[in-house]
Amino acid sequence: YFELILQYNGTDILTTPWVCDVPDPKHFRVTPPKGTGKLDEPLKFLITGVTKHNQNFSITALHPDHTASITTEHGKDQNTIIGYFTPQAIGEYLVQVKHSFHDIDGSPFSVLVVNPNAINIISPPL
């Protein structure tokens with residue numbers, strides 16, 4: 001935490017120090033989606049360890065061709081944030097979640113996105 005004392009011309013303005021609790025990014029964790037992602041279908045990941053005082057996260061999902069737009073909402077308990085993005089290209093996305101300019105536990109992570117409509121499975125004749 002940080003302790004702030006306000007003074008003006010050497011005189012204390014606050015009678016008691018103001019304490020500001022700055023959370024350690026290690027208290028948060030991001031859980032990536034399992035398996036591969038599908039083209040044009042939302043991918044979901046979870047950020048845990050959140051309180052009402054530390055909700056400012058910087059989240060990016062990068063692909064070599066573009067940056068995906070991230071949507072967030074609170075989970076059932078207020079200690080979880082659910083992040084979503086809908087991949088618009090196949091390939092690997094690098095998702096980075098930061099708090100106070102530092103990666104949180106589990107960040108960055110990568111997700112491989114495939115197009116299931118472009119996959120043909122051909123079995124040999126019987």
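- For the pair F101/S58, no side-chain contact is recorded, criterion being any heavy-atom separation below 4.5 Å from C-beta on.
- With rounding to the nearest 0.5 Å, the separation of CZ in F45 from CD1 in I70 is 4.5 Å.
- Atom CG of L39 sits in a crowded spot, with more than 12 heavy atoms from other residues, nucleotides or ligands closer than 6.0 Å.
- By the criterion of side-chain heavy atoms lying less than 4.5 angstrom apart, applied directly or through intervening Ile, Leu, Val, Met, Phe, Trp or Tyr residues, L46 is grouped together with Y84 in one hydrophobic cluster.
- Taking all atoms of both residues into account, the shortest heavy-atom contact from P33 to F109 is CD-CE1, 3.6 Å.
- Annotation: the span from Q88 atom CD to T67 atom OG1 amounts to 12.5 Å, rounded to 0.5 Å.
- To the nearest 0.5 Å, the span separating NE2 on H99 from CG on D105 amounts to 14.5 Å.
- Counting only distance, with no hydrogens or angles, the side chain of H66 and the backbone of P87 share no donor-acceptor pair below 3.5 Å.
- Within the 4.5 Å cutoff, the side chain of F85 has heavy atoms near those of the V95 side chain.
- Between I82 and H74, every side-chain heavy-atom pair lies at or beyond the 4.5 Å cut-off.
- Scanning all heavy atoms of the two residues, the minimum distance from A89 to V113 falls at O-CG1, 3.6 Å.
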side-chain contact (heavy atoms from CB on, under 4.5 Å) evaluation trace for L43 with Y93: CA-CA 11 Å; L43 278 169; Y93 282 78; 5.8 Å; no
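- To the nearest 0.5 Å, atoms CD1 (I47) and OG1 (T72) are separated by 7.5 Å.
- To the nearest 0.5 Å, the span separating CG on D40 from CG on N117 amounts to 9.0 Å.
- Within the 4.5 Å cutoff, side-chain heavy atoms of S107 are placed close to those of Q96.
- Contact annotation: the side chain of V114 never approaches that of I90 to less than 4.5 Å [non-hydrogen atoms, C-beta and beyond].
- Nearest approach of D103 to K98, heavy atoms of both residues: OD1-CG, 3.6 Å.
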